[in-house]
Amino acid sequence: MSAEHEIARLRELLNQHNYRYYVLDDPQLPDVEYDRLWRRLLELEQQYPELVRDDSPTQRVGAEPVGQLHPVQHEVPMLSLENVFDHDGLCGFDRRVRQRLGIEGELEYICEPKLDGVAVSLLYRQGVLERGATRGDGANGEDITHNVRTIPTIPLHLLGTSLPDLLEVRGEVYLPWVGFESLNEQARALQEKVFVNPRNAAAGSLRQLDAGVTAQRPLQMCCYSVGRVLGATLPERHSEVLDYLNHWGFRINAETEVVHGVDGCASYYEHLAARRDTLGYDIDGIVYKVDSLALQDALGFTSRAPRWAVAKKFPAQEQLTRLLEVEFQVGRSGAITPVARLEPVFVGGVTVSNASLHNRDEVNRLGVRTGDTVVVRRAGDVIPQVVSVVSDQRRGDSGEIRFPESCPVCDSPVQQDAAVLRCTGGLVCAAQLKESIKHFASRKAMDIDGLGDKRVAQLMELGLIGSVADLYRLMAETLAGLEGMGEKSAHNLVDAIAHSRDTSLPRFLYALGIPQVGPATAQGLARHFGSWRALQAASLEELQAVEDVGPVVAAHVRCFLDSPDAMQVVKKLRDAGVNWPSAKTRETADEPLQGATWVVTGSLDNFSREQAKAALEGLGARVVSSVSSKTSAVLAGREAGSKLKKARQLGIPVMDEQALLELLSAQGGG
Ligand code: IVH
């Protein structure tokens, strides 16, 4: 094969794979194979520089930063949307549309999440990406071609054969939550400025002069309309246009749906609003569009927005409030966290009266003082954050935030450990002890129901527990009659504690609360060493042979195993009857699901979600929370929703509870 041929073939393969991976979430090549093809293409292109083309997958980041962002005039102005804030507003919109069209019956609307990112226009000539631009004022934007080229969900070259001569595509570039979190985590580690919210982070990323910086930001783009099109006939409906775009290589939002009439719009809204916390990216409302393009044409535009579309906004996720005072909380590891007590404010659908201020660096970065007016943000199920201070509203009585010089709970000396202020009291500190007992009892650990914050504090104050091992000595007679505890709940608690004695090594390891050992690491350690005894004998090097265990985690584990106090607690727990299947049974037991990745969704009759997860793990499976093409199977119960839908779309086997019961009985377990 000639070099030219091979290069063309490699580009085609890589583009296809890129599309499957980023746009369809359905990769078909293993990553190593993709890397191999990529390297081969790079090698050939280095050998034959004259064959390098702009739309080659190797050319996503240009060599030189641009000097400035140049103005761009949009081919067709990028309009904005009319907003409504409640159901009446939506009904008004539907009525006006039908009146204008003279239609009595229900219209078909396409419902799309209103992504909270940055509107971007992409121009393709003969199928090749020529220009990317921000919306700007709608008529003129800025040229960000060098940056959009780095976004993997944006094709450099359209897929397929019958391509339009000219195509302008519009959509939203946004930063999913995980990307946002990791970006800010990095920024905090480097003591750099953190981003206030994912939209600001996306906007900042797109306006970089150096595309190398943008390439490091995990941006995505979902397309929602076309601007100018030449040399192609578009279908009759907006929903079909989106399908076209998808076939040409663009990502379309998976939640998009066509509904009948205003009632359909309303139930879509309810459905999506309820799932807003789980989407993984910010949306600030729903966009409803008349699906028929002929009707869209008949309706036309006002000067600033189309008459055929409307956005129904969700309640705001940011609000102003006052910071009343700052308290310091001591966590399980002794970290002392400043917590802002706020004037209660309704934000992101809940009333918020506390927000974490993280640490000293964050307080300094915000420049916040007590009494300040602050912007509070609550997005998804993320804990509320103070994102900025409205400094021109500062009053004369504002006060400096002073960090404690000794532990606010046990008065032990504190230690500054990088950004974190830490109490040195260990389990002498009532706060650390309380948090470790709560952790020990938590669902993913020993799974003891009924040991919440108040109960643990009460038992500690009465001197009934001074370590986790004491839990196993509690008696129903002692508990019954304690404040807020009847005979029945006393028995239930003692039963739950007794029940937890039969556990698994991963749960036990996690329950011990070794710094940086989460459920996955605990599972890895247990799987690798098989028994407590083998783990105890492991050297630092041997510990690092476990997947995801690096020098830091290994050191924490070793330090824990070398601590006489910790080993004393472990011994007491084992003496109290805490046990797990021994290494021998583990080695001889079949793990029929070894190597498989499962997802559990919906409600089951015989198991809680946690129990089902534990059962699957017991059979050797890894259980994760989201469905991807790498998922081996989905265990679906009643009212399973989007995960089940996604599994079906991807053709992943779906199992019911009966199948799990059968697997378990085949193991002779239950
Ligand atoms: S349609 C002429 N669809 O909302 C139609 N816009 O307030 C204009 N947006 O600037 C846009 N998700 O940045 C449309 N599914 C969606 C959208 C969406 C987010 C943004 C877009 C636009 C703004 C208008």
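Counting convention: from 1, in listed order, for ligands and their atoms alike. Quick note: numbers below take in every heavy atom, side chains included, and nothing from hydrogens, waters or symmetry partners.
At least one donor-acceptor pair under 3.5 Å links the side chain of Asn147 to the backbone N or O of Leu206.
For the residue pair Leu90 and Ala266, the shortest heavy atom distance occurs at CD2-N, 4.5 Å. Ala647 and Val634 get closest at one heavy-atom pair: CB-CG2, 3.7 Å.
Here the shortest heavy-atom distance to atom 20 (C) of ligand 1, taken over Glu172, His238, Glu255, belongs to Glu172.
Ring geometry, Tyr268 versus Tyr288: the interplanar angle exceeds 60°, so the pair is classed perpendicular (tilted spans 30 to 60°).
The distance from atom NZ of Lys312 to atom CG of Leu81, rounded to the nearest 0.5 Å, is 15.5 Å.
At under 3.5 Å, not a single nitrogen or oxygen of Trp308, backbone or side chain, sits near a nitrogen or oxygen of ligand 1. Taking distance alone, with nitrogen or oxygen atoms compared against 3.5 Å, Leu115 approaches ligand 1 more closely than that limit. In terms of polar-atom proximity, Ser80 is not counted as a contact of ligand 1, lacking any N or O under 3.5 Å from an N or O of the ligand.
Ligand 1 lies out of reach of Arg170, whose nearest heavy atom is not under 4.0 Å from it. Residue Pro306 places a heavy atom under 4.0 Å from ligand 1.
For atom 3 (N) of ligand 1, the nearest non-hydrogen atom of the protein is Lys289 NZ, 3.0 Å. Here the heavy atom of the protein found nearest to atom 23 (C) of ligand 1 is Lys114 NZ, 3.9 Å. The protein atom (non-hydrogen) at minimum distance from atom 22 (C) of ligand 1 is Tyr224 OH, 4.1 Å.
Other residues, nucleotides and ligands place no more than 12 heavy atoms under 6.0 Å from the CD atom of Glu639.
Salt bridge Arg188/Glu185: absent, no basic N to carboxylate O contact under 4.0 Å.
A donor and an acceptor atom, one from each side chain of Ser225 and Arg170, are nowhere located under 3.5 Å apart.
Aromatic rings of Phe180 and Tyr281 (six-membered ring for Trp) have centroids beyond the 6.0 Å cut-off, not under it.
Contacts of Pro113 with ligand 1, taken as heavy-atom pairs under 4.0 Å, involve the backbone alone. Counting heavy atoms closer than 4.0 Å to ligand 1, residue Val287 contributes side-chain atoms (C-beta onward) but none from N, CA, C or O.
For ligand 1 and Glu112, the ligand atoms under 4.0 Å from any heavy atom of the residue are 3 (N), 15 (N), 16 (C). For ligand 1, the atoms lying closer than 4.0 Å to a non-hydrogen atom of Arg135 are 10 (O).
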